[in-house]
J.: 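Next up is a structure, given as structure tokens.
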Amino acid sequence: MKQFFLFAVCLMGFMNSIPAVCRVNSSVICETDSSLITPFYYNGERNHAYRIAKTQTIPDFGNNQYAVSWYVDTEEWDFDPQTNHIFSKIEFKKGDTVLASFCDDEGWSYIVDENSKVKMFKSFRIDSDHTAVVFRGGAYAAGTPILTVFVLSGDEVKLIYNQEYFIEKIEDGKVFLAKELYTENPIKCGYISFMNGHVSIVSDEYPAGKVIF
């Protein structure tokens, strides 16, 4: 019995040392230990019927090996990728292999980049081994959407940021943030930078800047 107890303690220590990243067949919610991450909203008790809406490669990374597939929950939303922009599941793929999947019942929606082009996501090359991928949360009239940032490296997908912010604009390697956007007095409050080999945030909470990755 004593030997079993010691084995269990050692096993727990080993599991705690594993980096909090997503791998093949990862669970629905995968988070790093960060105050900048709000857990995804997912009601696992509800039956979900997903249908793929679109797949898009991640540009300038891995010679087009990497892609993101978007799925719509047909129990919640009508399946029409031309008119319905709310997707509740995303999968990161390397070739035909699923590296990680994430679900959120409030979903993600299209964003507009600095060239006024509608995209599923916006990617930023951090360095030769890492690329950040930015998603805009489901946009609803009553609330602020979630801004989600992942980092890809090899066969790993790491969630580094998930907070309520509007995307005011994207330009010059930065995503500019706002708490209120579609009002007479928009509340603009900083930006996330993808430059100089790091991901960092400058905001009301971090006026001097904070390195996220």
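What's counted below: heavy atoms across the whole structure, side chains too, no hydrogens, waters or symmetry copies.
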J.: Would Thr148 and Asn162 satisfy side-chain hydrogen bond (donor to acceptor under 3.5 Å, both in side chains), going step by step from the backbone distance to the final call?
T.: CA-CA 4 Å; Thr148 311; Asn162 198 51; 2.6 Å; yes
J.: Is the shortest side-chain heavy-atom distance between Cys103 and Ser88 below 4.5 Å?
T.: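 A side-chain contact under 4.5 Å is absent here.
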J.: Find out whether Thr131 and Arg125 are in side-chain contact, i.e. whether some heavy atom of one side chain is under 4.5 Å from a heavy atom of the other.
T.: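 Touching, per the 4.5 Å side-chain cut-off.
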J.: Taking the six-membered ring for Trp, are Tyr66 and Phe61 parallel (under 30°), tilted (30 to 60°) or perpendicular (over 60°)?
T.: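 Taking Phe61 first and then Tyr66, their aromatic rings sit tilted (interplane angle of 30° to 60°).
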J.: Do Phe124 and Tyr191 sit in one hydrophobic cluster, given that two such residues count as connected whenever their side-chain heavy atoms are within less than 4.5 Å of each other, even indirectly?
T.: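 They do not share one cluster, since no chain of ILVMFWY contacts under 4.5 Å joins Phe124 to Tyr191.
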J.: Closest heavy-atom contact between Val149 and Ile192?
T.: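 In this case the closest contact between Val149 and Ile192 is CG2-CD1, 4.5 Å.
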J.: So, do Ile126 and Val151 sit near enough that their side-chain heavy atoms are less than 4.5 Å apart?
T.: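 When only atoms from C-beta onward are counted, Val151 and Ile126 do touch, with a gap below 4.5 Å.
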J.: Could you give the distance from CD1 (Ile90) to CG (Asp104), rounded to the nearest 0.5 Å?
T.: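 Result: 9.0 Å between the selected atoms.
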J.: Checking side-chain contact (heavy atoms from CB on, under 4.5 Å) for the pair Trp70/Lys89: CA distance, chi angles, key distance, verdict?
T.: CA-CA 6 Å; Trp70 284 32; Lys89 178 181 177 180; over 6 Å; no
J.: Can you tell me how far the NZ atom of Lys169 sits from the CG atom of Leu177, to the nearest 0.5 Å?
T.: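 Answer rounded to 0.5 Å: 12.0 Å.
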J.: Evaluate Thr97 against Asp155 for side-chain contact (heavy atoms from CB on, under 4.5 Å), listing each step before the verdict.
T.: CA-CA 9 Å; Thr97 301; Asp155 293 337; over 6 Å; no
J.: Using every non-hydrogen atom in the two residues, find where Ser109 and Gly138 come nearest and quote the distance to one decimal.
T.: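 Scanning both residues, the minimum pair turns out to be OG-CA, 4.0 Å.
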J.: Looking at Asn63 and Gln65, would you say the former's side chain and the latter's main chain have a donor-acceptor pair under 3.5 Å?
T.: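 No; judged by distance alone, with no hydrogens or angles, the pair does not exist.
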J.: I want to check something: taking the side chain as every heavy atom from C-beta on, are Tyr165 and Cys189 in contact at a cut-off of under 4.5 Å?
T.: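 Yes - at least one pair of side-chain heavy atoms lies under 4.5 Å apart.
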J.: For Pro145 and Gly137, which heavy atoms make the closest approach, and how far apart are they?
T.: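 Looking at all heavy atoms of both residues, the closest pair is CB-O, 3.6 Å.
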J.: Within the supplied structure, the quantity of interest is the number of heavy atoms (other residues, nucleotides, ligands) at a distance under 6.0 Å from Asp204 CG; does it exceed 12?
T.: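 Atom CG in Asp204 is crowded, with more than 12 foreign heavy atoms closer than 6.0 Å.
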J.: Should Thr38 and Gln163 be marked as a side-chain hydrogen bond (donor to acceptor under 3.5 Å, both in side chains) after you check the CA-CA gap, both sets of side-chain angles, and the distance that decides it?
T.: CA-CA 6 Å; Thr38 300; Gln163 292 285 311; 3.1 Å; yes
J.: For a quick test of reading the model, state the closest non-hydrogen atom pair linking Ile212 to Tyr161 and the distance between them.
T.: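 Smallest interatomic distance, heavy atoms only, reads CD1-CD1, 3.8 Å.
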J.: Mark yes or no for whether Arg136, through its side chain, and Tyr110, through its backbone, hold a donor-acceptor pair below 3.5 Å.
T.: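 Yes, Arg136 side chain to Tyr110 backbone: donor-acceptor pair under 3.5 Å.
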J.: Which label fits Trp108 and Phe40: parallel for a plane angle under 30°, tilted from 30 to 60°, or perpendicular past 60°?
T.: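 If you compare the ring of Trp108 with that of Phe40, the planes turn out perpendicular.
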J.: Any ion pair linking Glu156 and Lys158 (charged N to carboxylate O, less than 4.0 Å)?
T.: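 Salt bridge absent between Lys158 and Glu156.
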J.: I'd like to know if Val157 and Ile146 are part of one continuous hydrophobic network [Ile/Leu/Val/Met/Phe/Trp/Tyr, side-chain heavy atoms within less than 4.5 Å].
T.: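 They do not share one cluster, since no chain of ILVMFWY contacts under 4.5 Å joins Ile146 to Val157.
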J.: Using 30° and 60° as the class limits, which term best fits the ring planes of Tyr71 and Tyr50: parallel, tilted or perpendicular?
T.: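 Because their plane-to-plane angle is over 60°, the rings of Tyr71 and Tyr50 count as perpendicular.
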J.: Of the non-hydrogen atoms in Thr144 and Lys179, which two are nearest, and what is the gap between them?
T.: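 Reported closest heavy-atom pair: OG1-O, 3.7 Å.
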J.: Mind listing the closest non-hydrogen atom pair of Val202 and Gly209 along with its distance?
T.: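 Taking Val202 first and Gly209 second, the nearest heavy atoms are CG2-CA, 3.9 Å.
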J.: Counting distance only, does the side-chain N/O of Ser153 pair as donor-acceptor with the main-chain N or O of Asp129 below 3.5 Å?
T.: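 It does hold such a pair.
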J.: Relative to the ring of Phe135, is the ring of Phe150 parallel (under 30°), tilted (30 to 60°) or perpendicular (over 60°)?
T.: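 Aromatic pair Phe150/Phe135 classed perpendicular.
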J.: Rounded to the nearest 0.5 Å, what separation is found between the CD atom of Glu168 and the CD1 atom of Ile187?
T.: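 Answer rounded to 0.5 Å: 12.5 Å.
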J.: State, yes or no, whether a side-chain contact exists between Ser200 and Phe213 at a heavy-atom distance under 4.5 Å.
T.: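 Sidechains of Phe213 and Ser200: no contact.
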J.: Are Phe176 and Tyr206 in one and the same hydrophobic cluster, where Ile, Leu, Val, Met, Phe, Trp and Tyr link if side-chain heavy atoms are under 4.5 Å apart?
T.: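 Per the 4.5 Å side-chain linkage, Phe176 and Tyr206 are not co-clustered.
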J.: Tell me whether the guanidinium CZ or amine NZ of Lys174 lies under 6.0 angstrom from the six-membered ring centre of Phe194 and within 45° of its axis.
T.: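 No cation-pi geometry.
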J.: Can you measure from NZ (Lys94) to CG (Leu99) and round to the nearest 0.5 angstrom?
T.: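 Here the rounded value is 7.5 Å.
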J.: Could you check Leu152 against Ile58 for side-chain contact (heavy atoms from CB on, under 4.5 Å), going step by step and ending with a plain yes or no?
T.: CA-CA 10 Å; Leu152 278 75; Ile58 300 174; 3.5 Å; yes
J.: Evaluate side-chain contact (heavy atoms from CB on, under 4.5 Å) for Leu147 paired with Phe166, printing each intermediate quantity in order.
T.: CA-CA 7 Å; Leu147 173 65; Phe166 287 97; over 6 Å; no
J.: Counting only heavy atoms not in Asn196, do more than 12 sit closer than 6.0 Å to its CG atom?
T.: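 No, the 6.0 Å shell around CG holds no more than 12 heavy atoms from other groups.
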J.: At what distance, to the nearest 0.5 angstrom, does CD of Glu205 lie from NZ of Lys210?
T.: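 It comes to 11.5 Å.
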J.: Between Phe102 and Phe121, is there shared hydrophobic-cluster membership here, with clusters defined by ILVMFWY side-chain heavy atoms closer than 4.5 Å?
T.: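 Looking at the clustering, Phe121 is in the same group as Phe102.
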